[in-house]
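Excluded from the calculations below are hydrogen atoms, water molecules and symmetry mates; all remaining heavy atoms, backbone and side chain alike, are included. Nothing fancy with the numbering, it's 1 onward along the sequence.
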Amino acid sequence: VFGKDINLVLILSNLSSDRKTVRVDMSASTILYTRRAVAEILKAATSVELGPKQGKHIRVKIPYTHYGKYLTTDKRIQVTALCEVMRTHGLKLLVEKTIILEDTNIIIKLPRRVVVNKAVSLEISYANPLPEPVSRCVLLVTLMNQQVKINLARLAPRERSKIYFEFTPRRAGPLQLQVDFSCDKFSHVKGFVTIAVAPA
C-alpha cells in the first residue's frame, strides 16, 4: 500500500542433489507505466549456500523513506534479482516483479436511495498514508460535467478526515462521481462511484 514499507521475499530452491552457492544481485527502481526507470531506490548483493534439495528465503525491505520522493503518479516499482549459480560456467536466472502500489485513501459513502430532484449528501473520506504531515491539500470533485475544487486543512501523519458534499441530481439513471485528492507530497489519488438515481 502506498505510504507503507514494502516487504518482499525471494524464494531460492536447489532442485539438485549437489550443494550450490548462489550470488543474488537485487535492485529496485521507481518506473513509469512505460517501464522507463525514474530512480534507483535499492541495490543489494548477497550469497546463499543451498544444500541438496534445500530452499531458502531472502527477505528484502524497501522503506517508504527510500521510495517516497521518487515515486511518479503511476506508483510503480520494478524489482529485479539476478541469481548466479557459482562454479557452473555462468548459469544465471533473472527474476523481475513490477509492484503497483494501491491507494486506500478515498472512501465515498452514499445514502441508500438517491432520487431525482432531491438533495443528496455524500460522505467523502480521504487520508494521508504517509509517516509525515502533508499540506496544500485539495479535493477535486467531478459530477454532472461540473468540477468543484475544495481546499482542505493539512493532515497529520496517517490522519484520515472527511467532508460532506451535497448535490441535487436532475435526471434518473447512472451518474458517475469522481474524486481527485492532491497535496504537497503526492497527487492525483482518485476514487469514484457510480450512483444509481431513481425516478421521482
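Once rounded to the nearest 0.5 Å, the distance linking CD1 of Ile41 with OG1 of Thr65 reads 10.5 Å. Between atom CD1 of residue Ile99 and atom CD1 of residue Ile6 there is a gap of 5.0 Å, rounded to the nearest 0.5 Å. For the atom pair Leu91 CG and Glu84 CD, the distance stands at 8.5 Å (nearest 0.5 Å). A distance of 8.5 Å separates CD of Gln78 from OG of Ser27, quoted to the nearest 0.5 Å. Within the model, atoms NZ of Lys185 and NZ of Lys69 stand 11.5 Å from one another, a figure rounded to the nearest 0.5 Å. A distance of 12.0 Å separates NZ in Lys61 from CG in Leu8, rounded to the nearest 0.5 Å.
Heavy-atom minimum distance, Thr168 versus Met144: O-CE, 3.7 Å. Leu155 and Asn128 make their closest contact through O-ND2, 3.6 Å (heavy atoms, listed as atom of the first residue, atom of the second, distance). Of all heavy-atom pairs between Cys137 and Arg154, the closest is SG-CA, 4.3 Å. The nearest pair of heavy atoms linking Val197 to Pro169 is CG1-CB, 3.8 Å. Residues Thr194 and Leu110 share a closest heavy-atom pair of O-CD1, 4.4 Å. Nearest heavy-atom pair across Ile106 and Gly191 is CG2-CA, 3.9 Å.
The stretch residues 113-123 participates, sequence neighbours left out, in these side chain to side chain donor-acceptor pair (under 3.5 Å) pairs: Asn117-Arg170, Glu123-Tyr164. The salt bridge (Lys or Arg N to Asp or Glu O under 4.0 Å) analysis of residues 130-151, with sequence neighbours excluded, yields no pairs. Among residues at least two apart or in separate chains, side chain to side chain donor-acceptor pair (under 3.5 Å) pairs with a member in residues 42-60 are Thr21-Glu49.
If you chain together ILVMFWY residues whose side-chain heavy atoms come under 4.5 Å of each other, Ile11 ends up grouped with Val9. Leu140 belongs to no hydrophobic cluster with other residues, because no ILVMFWY side-chain heavy atom falls under 4.5 Å from its own, directly or through intermediates. Chaining together hydrophobic side chains whose heavy atoms lie under 4.5 Å apart places Leu82 alongside Leu94. Counting Ile, Leu, Val, Met, Phe, Trp and Tyr side chains that sit under 4.5 Å apart, directly or through other members, Leu32 shares a hydrophobic cluster with Val38.
Val141 and Val138 fall into different hydrophobic clusters, defined by Ile, Leu, Val, Met, Phe, Trp and Tyr side-chain heavy atoms under 4.5 Å apart, directly or through other members. Under the 4.5 Å side-chain heavy-atom criterion for grouping Ile, Leu, Val, Met, Phe, Trp and Tyr, Val179 is connected to Leu152 within one hydrophobic cluster. By the rule that hydrophobic residues join a cluster once side-chain heavy atoms approach within less than 4.5 Å of another member, Phe192 and Ile108 end up as members of separate clusters. Residues Tyr33 and Phe186 do not share a hydrophobic cluster, clusters being chains of Ile/Leu/Val/Met/Phe/Trp/Tyr side chains in contact below 4.5 Å. Put simply, Tyr67 and Leu10 are part of the same group of oily side chains (I, L, V, M, F, W, Y) that touch within less than 4.5 Å, one to the next.
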Kindly determine whether Glu40 and Ser29 satisfy side-chain hydrogen bond (donor to acceptor under 3.5 Å, both in side chains), including the steps that lead there.
CA-CA 4 Å; Glu40 188 172 70; Ser29 298; 4.9 Å; no

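Judged by distance alone, the side chain of Ser16 and the main-chain N or O of Asp18 form a donor-acceptor pair under 3.5 Å. Side chain of Asp5 to main chain of Tyr64: a donor-acceptor pair is present (N/O by atom type, distance under 3.5 Å, no hydrogens or angles).
The closest side-chain heavy-atom distance from Leu12 to Asn14 is not below 4.5 Å. Residues Ile77 and Leu101 form a side-chain contact, since some pair of their non-hydrogen atoms from C-beta on lies under 4.5 Å apart. When side chains are defined from C-beta on, Ser125 counts as touching Arg160, because their heavy atoms get closer than 4.5 Å. Side-chain contact check for Val24 versus Cys83: some heavy-atom pair is nearer than 4.5 Å. Side chains of Leu175 and Val114 form no contact here, defined as non-hydrogen atoms less than 4.5 Å apart.
Residues forming a side chain to side chain contact (heavy atoms under 4.5 Å, CB included) with Ala45 (at least two apart in sequence, or on another chain): Arg23, Asp25. Every residue was checked against the ring-ring contact (aromatic ring centres under 6.0 Å, His included) condition with Phe165, not counting sequence neighbours, and none meets it. For Tyr126, the ring-ring contact (aromatic ring centres under 6.0 Å, His included) partners at least two apart in sequence or on another chain are Phe181. Residues forming a side chain to side chain contact (heavy atoms under 4.5 Å, CB included) with Ala156 (at least two apart in sequence, or on another chain): Glu159. Here Arg35 pairs with Glu96 under the salt bridge (Lys or Arg N to Asp or Glu O under 4.0 Å) rule; sequence neighbours left out.
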